[in-house]
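Chain identifiers are assigned alphabetically (A, B, ...) following the order of the sequence lines, protein sequences preceding nucleic acid strands; residue numbering begins at 1 within each chain.
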Number of protein chains: 2
Amino acid sequence: MVPARRGDLFDPACPTRRLLDRVGGKWVAMIVKVLAEAEPDELGFAELRRRVPGISHKMLAQTLRSLTADGLADRRVEPSTPPRVHYRLTDLGRSLDEPLAALREWAERHMPDIDDFARRGGTSP
Amino acid sequence: MVPARRGDLFDPACPTRRLLDRVGGKWVAMIVKVLAEAEPDELGFAELRRRVPGISHKMLAQTLRSLTADGLADRRVEPSTPPRVHYRLTDLGRSLDEPLAALREWAERHMPDIDDFARRGGTSP
DNA sequence: CCGCATCCCTCTAGATACTG
DNA sequence: CAGTATCTAGAGGGATGCGG
């Protein structure tokens with residue numbers, strides 16, 4: 001990650017794009033939301049999959065893996081047969097949910113405006 | 001946009017992903033930030049390009065086009081030779097900058113934590 | 001039950017070039 | 001100077017299958 005294409009080093013003091021590279025993925029924001037709403041409980045893999053409609057087995061595992069690797073989620077393995085694995089947000093992950101919640105709120109409030117504007121082809125009222 | 005891959009319709013009541021599909025693009029957030037910081041002035045195409053290091057001519061035009069089509073930015077053509085085109089945020093675009101600013105702030109404050117965690121391989125202190 | 005590897009397809013975005 | 005079209009490489013993400 002953070003490839004530094006060719007000789008072109010972008011400003012290393014711009015963490016926003018790096019954050020969006022992670023959070024802008026197709027499923028990250030939704031999984032963080034679901035985990036945040038489950039607080040203070042943790043969620044099993046299967047339960048998570050049920051609460052994120054449309055996600056594939058692979059993408060859920062992959063996204064959870066990256067969240068765990070980034071310290072945004074904790075992973076707890078229950079040593080049973082079959083083993084069950086549970087996830088919850090870390091403090092860091094919980095703090096990330098705050099700006100994400102602001103974004104969700106904006107989206108719910110204003111996406112209809114964008115849709116209307118786009119549908120009318122940008123004509124003034 | 002909002003392709004609805006194959007037969008798989010996701011929940012239409014989830015505008016957050018649709019917003020992230022737009023804002024999560026590589027340049028959108030940065031351009032909105034630059035336009036917001038220039039307020040109340042508008043910025044010419046060339047000036048914008050100077051303020052967004054690393055962006056290509058094509059991607060700047062393309063991103064500005066989508067912002068304009070979504071009603072997030074206004075486009076003003078100065079009928080001179082050569083023609084100059086100026087951009088500024090609309091009220092809607094300006095309101096979007098608020099949650100984006102929250103995200104930027106989080107990124108600046110917490111990306112180092114993520115980096116440290118990843119660098120230590122997720123080891124507890 | 002959950003994780004990981006493989007294959008494949010689509011979509012993004014960079015390079016380049018032509019028009020107004 | 002600004003906008004658009006074409007081509008191409010690479011990443012993201014879906015389906016499937018084996019391993020633990």
Proximal nucleotide (of D:dA2, C:dA15, C:dC2) relative to the B:Val85 side chain | D:dA2
When B:Leu35, B:Ile31, B:Val85 are each screened for side chain to side chain contact (heavy atoms under 4.5 Å, CB included) with B:Leu43, the one that passes is B:Leu35
Are the aromatic rings of B:His86 and B:Phe45 close, with centres under 6.0 Å apart?
-> no
So, is A:Tyr87 close to the C:dC2 phosphate, meaning a side-chain N or O under 4.0 Å from OP1 or OP2?
-> no
Would you say a side-chain N or O of A:Arg75 is under 4.0 Å from OP1 or OP2 of C:dC2?
-> no
Rounded distance in Å - NZ (B:Lys26) to C1' (D:dG10) = 11 Å
Side-chain atoms of A:Phe45 come closest, of C:dG3, C:dG14, D:dG14, to C:dG3
Cationic N near anionic O, under 4.0 Å, A:Asp21 to B:Lys26 | no
Which comes earlier along DNA chain D counting from the 5' end, the contact point of A:Met59 or that of A:Pro83, where each point is its nearest nucleotide?
-> A:Met59
In whole Å, what is the span from the CG atom of B:Leu64 to the P atom of C:dA13?
-> 14 Å
Could you tell me whether the phosphate oxygens of D:dA5, OP1 or OP2, come under 4.0 Å of any side-chain nitrogen or oxygen in B:Lys58?
-> no
A:Arg94 atom CZ, neighbour heavy-atom count above 12 within 6.0 Å = yes
Testing D:dT4, C:dG14, D:dC1 for proximity to the side chain of B:Pro82, the answer is D:dC1
Please tell me which of the listed nucleotides, C:dA15, D:dA2, D:dG13, lies nearest to the side chain of B:Arg84?
-> D:dA2
Separation of B:Gln62 atom CD from C:dA15 atom P, in whole Å?
-> 14 Å
Rounded to whole angstroms, how far apart are CD1 on A:Ile55 and P on D:dG14?
-> 8 Å
Please report, rounded to the nearest Å, how far the C1' atom of C:dG20 is from the NE2 atom of B:His57.
-> 12 Å
Expressed in angstrom and rounded to an integer, what is the separation of B:Leu48 atom CG from D:dC1 atom P?
-> 15 Å
If only side-chain N and O atoms of B:Arg65 are considered, is one of them under 4.0 Å from the OP1 or OP2 phosphate oxygen of D:dT4?
-> yes
Run the salt-bridge test on B:Asp97 and B:Arg104 with the 4.0 Å N-O cut-off and return the result as yes or no.
-> yes
Rounded to whole angstroms, how far apart are CZ on A:Arg17 and P on C:dT12?
-> 17 Å
Nearest-Å distance for atom pair CZ/P, residues B:Arg49 and D:dC1 | 10 Å
Look at all strands and tell whether B:Ala61 reaches a base, only sugar-phosphate, or nothing, counting heavy atoms closer than 4.0 Å.
-> base
